[in-house]
Amino acid sequence: MFRTRFAPSPTGYLHIGGVRTALFCWLFARRNQGKFILRIDDTDQERNVEEALAPILAGLRWLGIDWDEGPDVGGPHGPYYQSQRSALYQAAVDELLRRNMAYRDYATTDEIQAERDAAVGEKRDFVYSRRWMAETPDAQRRFEAEGRAAVVRLKMPRAGTLVLEDLIRGRVEFAWAREQDHVIQRADGSCLYHLASVVDDRAMEITHVIRAEEHLSNTPRQVFIAQSLGYELPQYAHLPFVAEPGSKVKLSKRKLDKYFKNRDFASLVEHGRSIARRIGLETSPEEFNPVVVDFYREVGFLPEAIVNYLALLGWSLDDKTEHFHRRELIEHFSLDRVNKAPASFDAVKLQSFQDRHMQELPPERKAAMVIPFLERAGLIPAPATAADRARVEALAVAAGDRIKVAGDVLEFADFFTPDDELSYDEKAFDKRIRHSAGAVELLGRFRATLAEVELFDAGTLERSLHAFVEAEGVPIGQIIHALRVAVTGKGVGLGMFDTLALLGKSRSLRRIDRALGRV
RNA sequence: GGCCCCAUCGUCUAGCGGUCCAGGACACCGGCCUUUCACGCCGGUAACACGGGUUCGAGUCCCGUUGGGGUCACCA
C-alpha cells in the first residue's frame with residue numbers, strides 16, 4: 001500500500017505552489033489506491049496554529065484534495081501535529097546519540113560562524129572542526145562549567161558518496177564530505193524540521209516522499225538520519241517547483257510586488273478586486289492575489305479548473321489532451337510523466353482552463369454558483385427565493401459563456417436594480433440615443449410595437465423587431481443599440497432579445513420610457 | 001563561491017535514434033460569423049541555447065560551454 005503525505009506549515013494561507021505539490025501527492029495516492037496523509041509541520045509555533053491552519057484545510061477541501069489521515073479526520077498514526085509529537089523526536093535523538101550518529105555540541109553560533117568565515121577566507125569548504133563536541137560526560141561537564149549549553153548535531157560521514165534514485169530525477173549523487181553536521185535539537189530541547197520529518201515519515205509509514213525540488217539538497221541529511229536509525233528509506237520524488245510568471249525563479253509570496261507589475265497577473269488581480277468591491281469583501285494585496293488559493297474561491301473560480309491547470313503544470317498525459325476532470329487525472333496520473341524543469345505560473349492560461357470548465361457547467365449549477373454573489377451584493381434577498389433562483393437560472397442561460405468566473409454575474413447587476421434606479425453609461429447613451437439620428441423616434445415607435453407583443457419571449461421578440469425594421473425600412477443597427485442602452489444603461493450586454501425577455505414586458509417598457517424621458 | 005538540479009515556440013508541453021523541413025494548447029496576428037459583448041469557426045507568425053563527439057542517421061545518447069534555478073540556518 002502506497003502512502004504519501006503533504007506537510008504544510010500553518011502559515012495562514014494556501015500557496016498555489018504548495019497546492020500543486022499536495023495535488024501530485026494526492027493524485028499519486030489516489031491513482032494507486034493508496035493513502036494520502038496530511039501532517040502539520042508546526043515545530044516552531046509562534047502563532048495560533050488553528051487560526052493559521054484553517055485557510056489551508058479549507059483550501060484543500062475546496063479543491064477536493066481530501067486526506068485519509070490528518071487533522072479533523074484523525075487516523076491510526078496521530079497526532080498529526082508535529083508540536084504534539086516531541087516525545088518521538090526526543091527518543092530518536094537519544095537513539096542517535098546512543099548509536100554515536102549524533103553528538104552534543106557546545107559551540108556558540110559565533111564560534112561556528114568564525115570557523116565558517118575562516119573557511120571562506122581560505123577558499124575551502126567549511127567543515128566543522130568538532131572542537132566543542134562532547135562525547136563523554138566529562139567533556140560535557142567541562143563545557144557546561146564554562147556556562148555553555150549543548151545542541152545536538154548529526155555526526156555526518158566525512159567520506160563516501162550517497163547515491164539516490166529519485167523517481168523523477170533519476171540517479172543523483174552527493175559527496176558525504178560536503179554535508180554539514182546539522183543541528184537536530186536546540187539547546188532548549190526542541191527538535192528541528194529534518195529530524196521531525198524523517199521520524200514522522202517513518203512512524204506514519206510514508207512510502208513515497210513527493211515534494212518540491214528545493215528539498216533535493218536536503219535529502220542527504222534526511223537519508224543519514226533515517227539510515228542511522230535503521231529505517232527503511234522511502235522512495236523520493238522531487239517535483240520541479242512552480243516558477244514566477246514569465247520566469248524560472250521559484251514563485252514566492254514574498255515577491256508579490258514584482259508580480260503585480262506583470263500585466264496578466266495584474267489584470268487578474270484587478271478583475272478579482274472589482275468583484276470583491278461589489279460584494280463588500282475586504283481585501284489586502286497580501287492575502288487576495290493569484291498566489292493564494294483563497295483568491296480563486298472568493299471570486300468564483302471552479303476548483304476543477306484550478307486542479308486541471310495545476311496538474312498540467314509539470315505533468316502531461318500526451319501530446320494533445322489538456323482538458324481533464326478529477327476522475328481522469330486520477331486515472332492517468334503517473335510520476336514518470338512529471339517534468340524535470342520548473343514551469344512558470346501563467347494567469348492567462350489558468351483563465352482559459354476556467355473558461356472551458358465553466359462552459360460545460362449546466363445552467364442550474366452555474367446559477368447555484370452565482371447566487372451567493374448576487375446575495376452578497378444585495379441584488380437579491382438572502383436567502384434567494386424560488387422566483388429569484390428561476391430568474392438567475394434564466395440569466396445564466398442567456399449569459400452563456402459571458403460569466404467566466406461566478407463573480408462575473410455582477411456585470412449583469414442591472415437586471416436586478418429597480419427600473420427607476422438604473423444608471424447609464426453616458427458615453428453610450430450619447431452615442432446611441434441622444435446623438436444618434438432618428439434613434440429617439442424609432443425607440444418611441446418600437447415601444448408601441450413592444451406594448452402589443454403578447455408572448456414576451458426571445459423568439460417572438462426577435463420576429464417582431466425584424467418586422468418592425470423592415471416596415472420602417474431601416475437597418476437593424478439603427479435601433480438595436482439604442483434599445484440596449486435604453487433598457488440596460490450599457491452599450492454591451494447579452495443578446496438583445498434575451499435581455500428583453502429576461503426583463504419582461506412591463507419593466508422593458510418602463511425602462512424605455514425612462515430613457516426617452518431623460519433625452 | 002561550493003554542491004546539486006534544469007535547458008523544445010512568449011508560456012504550458014509532445015517528442016523516450018529514423019515516421020520531426022518538430023505536434024498540441026494558451027497567448028498573439030489576420031479573416032469569417034454577428035445586434036454589442038462573449039463564444040465559435042478558418043488561417044498565420046513562432047522553438048530543439050551553443051560547441052564537440054557517438055552513430056549510416058541526434059531534438060532524442062555522451063562530454064564540454066553558456067545560461068537559468070535550487071540549496072548551503074539552532075526556518076520549514
Side-chain angles (χ1 to χ4, degrees), chain A residues 7-11 41-44 82 105 107-109 112-113 116 119-120 123-126 149 151-153 164 166 168-170 172-175 177-180 182-188 190-194 196-197 212-220 238 240-241 243 245-250 264 309 312-323 336-337 339-353 355-356 359 399-404 408 411 428 432 462 465 469 475-481 483-485 488 490-497 499:
Chain A
S9 304
T11 51
D41 274 7
D42 57 347
T43 48
D44 73 333
Q82 292 195 321
D105 184 60
T108 63
T109 46
I112 294 284
Q113 191 54 46
R116 200 185 304 272
V120 171
K123 293 193 170 179
R124 58 175 166 82
D125 295 335
F126 165 64
V151 298
V152 177
R153 287 184 185 276
L164 206 68
D166 188 278
I168 292 170
R169 265 140 234 289
V172 184
E173 298 187 3
F174 297 90
R178 288 189 217 285
E179 295 296 320
Q180 302 300 322
H182 299 281
V183 173
I184 52 174
Q185 186 175 36
R186 300 183 182 94
D188 68 3
S190 61
C191 291
L192 264 32
Y193 166 77
H194 293 291
S197 183
E213 184 192 344
E214 60 259 34
H215 286 289
L216 186 56
S217 22
N218 296 331
T219 308
H238 287 93
F241 53 78
S247 146
K248 292 295 182 204
V249 180
K250 188 172 77 165
D264 300 329
Y309 172 70
L312 271 301
L313 214 53
W315 175 86
S316 65
L317 174 64
D318 56 28
D319 59 338
K320 40 191 59 115
T321 320
E322 292 213 311
H323 189 73
D336 47 274
R337 291 202 59 86
N339 250 68
K340 292 182 188 172
S344 54
F345 177 80
D346 181 351
V348 175
K349 185 133 185 174
L350 169 57
Q351 181 67 55
S352 86
F353 279 94
D355 293 354
R356 268 185 281 169
Q359 279 176 29
D401 42 38
R402 292 172 181 85
I403 297 176
K404 299 187 184 300
D408 287 342
E411 296 292 320
R432 299 303 192 182
E462 178 161 16
L465 181 67
V469 296
I476 196 166
Q478 201 92 59
I479 178 166
I480 205 158
H481 300 296
L483 188 55
R484 166 172 283 106
V485 175
T488 69
K490 294 183 300 191
V492 298
L494 309 183
M496 192 66 254
F497 310 107
T499 300

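We name chains A, B, ... by the order of the sequence lines, and we start the count at 1 in each one.
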[atom1] gap between [N] and [M], integer Å:
N: B/rG67; M: B/rC50; atom1: C1'; value: 10 Å
N: B/rG10; M: B/rA22; atom1: P; value: 15 Å
N: B/rA47; M: B/rC26; atom1: C1'; value: 16 Å
N: B/rU60; M: B/rC20; atom1: C1'; value: 11 Å
N: B/rA49; M: B/rA7; atom1: C1'; value: 7 Å
N: B/rA27; M: B/rA38; atom1: P; value: 13 Å
N: B/rA76; M: B/rG59; atom1: C1'; value: 39 Å
N: B/rU55; M: B/rC62; atom1: C1'; value: 12 Å

Given B/rG15, B/rU11, B/rC39, identify the nucleotide with an atom nearest to the side chain of A/R337.
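Among the listed nucleotides, the one closest to the side chain of A/R337 is B/rG15.
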Picking from B/rU35, B/rU13, B/rC26, the nucleotide nearest the side-chain atoms of A/S352 would be B/rC26
For [X], report the nucleic acid contact type (base, sugar-phosphate, nothing); a contact means any heavy atom under 4.0 Å.
X: A/E173; result: sugar-phosphate
X: A/R356; result: sugar-phosphate
X: A/G493; result: base
X: A/L494; result: base
X: A/R178; result: sugar-phosphate
X: A/G246; result: nothing
X: A/K404; result: sugar-phosphate

Nucleotide by nucleotide, nucleotides 41-47 of chain B touches protein heavy atoms under 4.0 Å in the pattern (B base, S sugar-phosphate only, - none) -------
B/S/- along nucleotides 69-76 of chain B (protein heavy atoms under 4.0 Å) is SSS-SBSB
Between [X] and [Y], what is the shortest heavy-atom contact and its length?
X: A/T321; Y: A/L312; value: O-CD1, 4.5 Å
X: A/F174; Y: A/E179; value: CD2-OE2, 4.4 Å
X: A/A428; Y: A/G491; value: CB-N, 4.0 Å

Give the rounded distance in Å between these two atoms: [atom1] of [X] and [atom2] of [N].
X: A/E179; N: B/rC3; atom1: CD; atom2: P; result: 13 Å
X: A/F345; N: B/rG10; atom1: CZ; atom2: C1'; result: 17 Å
X: A/Y309; N: B/rC12; atom1: OH; atom2: C1'; result: 7 Å
X: A/L312; N: B/rC26; atom1: CG; atom2: P; result: 12 Å
X: A/W315; N: B/rA14; atom1: CH2; atom2: P; result: 11 Å
X: A/R484; N: B/rA38; atom1: CZ; atom2: C1'; result: 11 Å
X: A/Q351; N: B/rC12; atom1: CD; atom2: C1'; result: 16 Å
X: A/I479; N: B/rU35; atom1: CD1; atom2: P; result: 14 Å

Quiz item: How far apart are the C-alpha atoms of A/Q478 and A/V469, what are their side-chain angles, what is the distance that settles it, and do they pass the side chain to side chain contact (heavy atoms under 4.5 Å, CB included) test?
Solution: CA-CA 9 Å; A/Q478 201 92 59; A/V469 296; over 6 Å; no
Is [N] paired to anything, Watson-Crick or G-U wobble with both distances less than 3.5 Å, and if yes, which nucleotide?
N: B/rC72; result: B/rG1
N: B/rA47; result: none
N: B/rU34; result: none
N: B/rU54; result: none
N: B/rC21; result: none
N: B/rG67; result: B/rC6

Pick the closest RNA chain B nucleotide for A/A399 and for A/M496 by heavy atoms, then say which residue is nearer the 5' end.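 Result: A/M496.
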Taking for A/I480 and for A/L313 the nucleotide of RNA chain B with the nearest heavy atom, the one nearer the 5' end belongs to A/L313
Those residues at least two apart in sequence (or on a different chain) that pass ring pair (Phe, Tyr, Trp, His ring centres under 6.0 Å) with A/F353 are A/Y309
With the side chain counted from C-beta on, respond yes when A/H238 and A/T219 share a heavy-atom pair under 4.5 Å apart, and no when they do not.
-> yes
Taking the side chain as every heavy atom from C-beta outward, state whether A/K490 and A/T488 have any pair of such atoms under 4.5 Å apart. yes
Checking side chain to side chain contact (heavy atoms under 4.5 Å, CB included) for the pair A/I112/A/R153: CA distance, chi angles, key distance, verdict? CA-CA 12 Å; A/I112 294 284; A/R153 287 184 185 276; 3.5 Å; yes
Pairwise distance [atom1]([X]) to [atom2]([Y]) - rounded to 0.5 angstrom:
X: A/D401; Y: A/R356; atom1: CG; atom2: CZ; result: 13.5 Å
X: A/K349; Y: A/S344; atom1: NZ; atom2: OG; result: 11.0 Å
X: A/D318; Y: A/R337; atom1: CG; atom2: CZ; result: 7.0 Å

Charged N-O contact under 4.0 Å between A/E214 and A/K250 = yes
Quick one: which protein N/O atoms are closer than 3.5 Å to N/O atoms of nucleotides 58-66 of chain B? Pair and distance per line, please.
none

### Task
Sequence neighbours left out, what passes side chain to side chain contact (heavy atoms under 4.5 Å, CB included) with A/I168? Give chain and number order.
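Counting only residues at least two positions away or on another chain, A/I168 forms a side chain to side chain contact (heavy atoms under 4.5 Å, CB included) with A/D166, A/A237, A/L239, A/L335, A/V338, A/K340.
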Check: protein-nucleotides 22-24 of chain B nitrogen or oxygen pairs below 3.5 Å:
{"residue": "B/rG23", "atom": "N2", "partner": "A/D319", "partner atom": "O", "Å": "3.2"}
{"residue": "B/rG24", "atom": "N2", "partner": "A/E322", "partner atom": "OE2", "Å": "3.2"}

Show, in sequence, the C-alpha distance, side-chain angles and deciding distance for A/L465 and A/I479, and conclude whether the side chain to side chain contact (heavy atoms under 4.5 Å, CB included) test is met.
CA-CA 9 Å; A/L465 181 67; A/I479 178 166; 4.1 Å; yes
- Can you list the steps and then say if A/F345 with A/D264 is a side chain to side chain contact (heavy atoms under 4.5 Å, CB included)? CA-CA 11 Å; A/F345 177 80; A/D264 300 329; over 6 Å; no
### Message
Please tell me whether A/D355 and A/Q351 have a donor and an acceptor in their side chains that are separated by less than 3.5 angstrom.
### Response
yes
Side chains of A/R186 and A/S190: do they bring a donor and an acceptor to under 3.5 Å?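 Looking only at side-chain atoms, A/S190 and A/R186 do form a donor-acceptor pair, the distance falling under 3.5 Å.
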**Item:** Distance-only donor-acceptor test (3.5 Å): side chain A/R169, base B/rC5
**Value:** no
